[in-house]
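Encoded as structure tokens, here's the structure I'll be asking about.
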Protein chains: 2
Amino acid sequence: MMSTRKTEISSRQRDILKFIQCYLDEHGYPPAIRDISAGCGISSTSVAVFHLKKLEEKGYIRRRPDISRGIELASASDREEASVPLIGIIAAGMPVPVPSADTWSEADSADLIKVPRVLLAGAENVYALKVKGDSMQDALISDGDIVIMESAVVVENGETAAVWLKNEKEITLKKVFREGGHIRLQPANKHYPAIIVSAGNVEVQGKVVAVLRNLL
Amino acid sequence: MMSTRKTEISSRQRDILKFIQCYLDEHGYPPAIRDISAGCGISSTSVAVFHLKKLEEKGYIRRRPDISRGIELASASDREEASVPLIGIIAAGMPVPVPSADTWSEADSADLIKVPRVLLAGAENVYALKVKGDSMQDALISDGDIVIMESAVVVENGETAAVWLKNEKEITLKKVFREGGHIRLQPANKHYPAIIVSAGNVEVQGKVVAVLRNLL
DNA sequence: TAGACTACAGAACAGTTGTTCGATTGTAAA
DNA sequence: TTTACAATCGAACAACTGTTCTGTAGTCTA
């Protein structure tokens, strides 16, 4: 019963795990077994293999047999971020840019921004817009914010969307509720009033997935 | 003069570059030359080597000679995100958790969140807090938002900080301005009034670096 | 004490992988 | 046409690297 529990690892194993993370950070590719041995002061590759097996059993890493440097961290840091194209700006009196089919295939790395994948919650066909002006403070959105959008022309009740009001010729970010022929647009800031508009006056431009704000 | 300019790459080279990115995304380690050949429909490793040299000359990748899978992307996607410890919640009537010295050394991967490094703008000693309640809507911050903070006890004029008001026993996020003995706390939402407090009543808990909001 | 387990070392083997050389083809410039 | 160069193929070599085997040593438990 004194045996190590599944999630517990020895100090040597923690060393190795940390070394792998650092090496990956520094080089962009994983270390070879001999790199690990040397880096952790182990004088035999078999010892590294031994601990690597433990780490794999305990779920900290994954390995591909017979593949050089085929070590993956279970906390797969790479998979936890996505590249999203920044395709334009969003402001009150302006329709939002609409992503074209090849927005995502043409990797114009200049306009790609990194977003933690957890923020995306599995959404696909996402793109980013930079907010211009203070017209969306009722949506708790500030000038300079980055809004992550998902392509959509319909939204579920209660979801936040970028809505184009045809009559007013205005873009607004609000929670959308269908209510008997009319549509209620509810600001995120509860101190602001909801507005009721006719279904024909609204055009959903996309769902709001996330908001990034940089204060520095 | 018709020769390819430095930044231009052939379609084959773009293919290879894209393949490397995808492979890295999928596996967590770079492809071997033979993986590239197979993945791009090239039947000789020397052709891949040939194009890899071009890509390196043009600055798109870096290579380590004689190292298996020793390919680094110049756009170092890995270096573009940071892990930030999520150490607690922030709410109106509660002092914010203060990070201890070993908050950053003890990698409790459970409470680490990934943040694009561009959002950090070089800030160090950053930590994350989850916002509880709607008390900070004047700061354009919503219930459920993640606030990225930087340890600091002093702030420059105009910077946004988490401020503890001793008399009111309340946390608030505001822009801080020193104005002749007093301090003006300015909400991000311009429709809300600034408040003036005595210097002795404020205690800066940290700078606000960024805000993440997930609507889905 | 014997048995089981963890941790380590050294070495040999085999598979993976980077490198290099020679040869071929197509296009564009001299 | 000749020359130059980009792009390709095939094959062989050498280095890198993962795997495995044989030992040794220390600790804990029955």
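Every chain is numbered from 1, with letters handed out A, B, ... down the list of sequences.
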How many Å lie between NZ on B:Lys58 and P on D:dA6, as a whole number?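 Distance check: B:Lys58 NZ to D:dA6 P gives 9 Å.
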Could you check whether A:Arg63 gets within reach of a base, just the sugar-phosphate, or nothing at all, counting any heavy atom under 4.0 Å?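 The answer is sugar-phosphate, as A:Arg63 gets under 4.0 Å only of primed atoms, P, OP1 or OP2.
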In whole Å, what is the span from the CZ atom of B:Phe50 to the C1' atom of D:dA7? 6 Å
Whichever of B:Arg64 and A:Ile42 has its nearest DNA chain C nucleotide further upstream toward 5':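 Nearer the 5' end of the strand: A:Ile42.
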Ignoring backbone atoms, establish whether B:Arg12 has a side-chain N or O less than 4.0 Å from OP1 or OP2 of D:dT8.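 So the side chain of B:Arg12 is within the cut-off, an N or O lying under 4.0 Å from OP1 or OP2 of D:dT8.
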Look at the side chain of A:Thr45 against the base of D:dG18 and say whether a donor-acceptor pair falls under 3.5 Å; ignore hydrogens and angles. no
Which of these nucleotides, C:dT17, C:dG18, C:dA7, is closest to any side-chain atom of B:Ile33? C:dG18
Between the base of D:dC16 and the side chain of B:Ser68, is one N or O donor paired with an acceptor at under 3.5 angstrom?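 By the distance-only test, no, there is no pair.
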Short question: side chain of A:Arg63, backbone of A:Gly70 - any donor-acceptor pair under 3.5 Å? no
Any B:His51 side-chain nitrogen or oxygen under 4.0 Å from OP1 or OP2 of D:dT8: yes
Given DNA chain D, 5'-ward residue of the pair B:Val47 and A:Asp35, judged by closest heavy atom: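 Nearest nucleotide further toward 5': that of B:Val47.
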For B:Lys166, I'd like to know if atom NZ has over 12 heavy atoms of other residues, nucleotides or ligands within 6.0 Å. yes
Answer yes or no: does atom CD of B:Glu156 have more than 12 heavy-atom neighbours from other residues, nucleotides or ligands under 6.0 Å?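 Check fails, neighbour count at 12 or below.
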What's the CZ-P distance between B:Arg69 and D:dG18, to the nearest Å?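 The distance from CZ of B:Arg69 to P of D:dG18 comes to 10 Å, rounded to the nearest Å.
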Within this structure, what is the CG-to-P distance between A:Leu52 and D:dT17, rounded to whole angstrom? 14 Å
C:dT6 phosphate, OP1 or OP2, under 4.0 Å from A:Gln13 side-chain N/O: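 For C:dT6, neither OP1 nor OP2 has a side-chain N or O of A:Gln13 closer than 4.0 Å.
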Nearest-angstrom distance from the residue atom CG of B:Asp66 to P of C:dT16: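 Those two atoms, CG and P, are 19 Å apart.
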Does A:Ser44 or B:Ser43 map to a spot on DNA chain D nearer the 5' end, using the closest nucleotide for each? B:Ser43
Check the distance between D:dT17's P and B:Arg34's CZ and give it to me in whole angstrom.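 Nearest whole value for this atom pair: 14 Å.
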For B:Ala210, is there any backbone N or O sitting under 3.5 Å from a side-chain donor or acceptor partner on A:Arg213?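 Absent.
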Just checking, any donor-acceptor pair under 3.5 angstrom between side chains of B:Asp143 and B:Gln137?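 Judged by distance alone, the side chains do not pair up.
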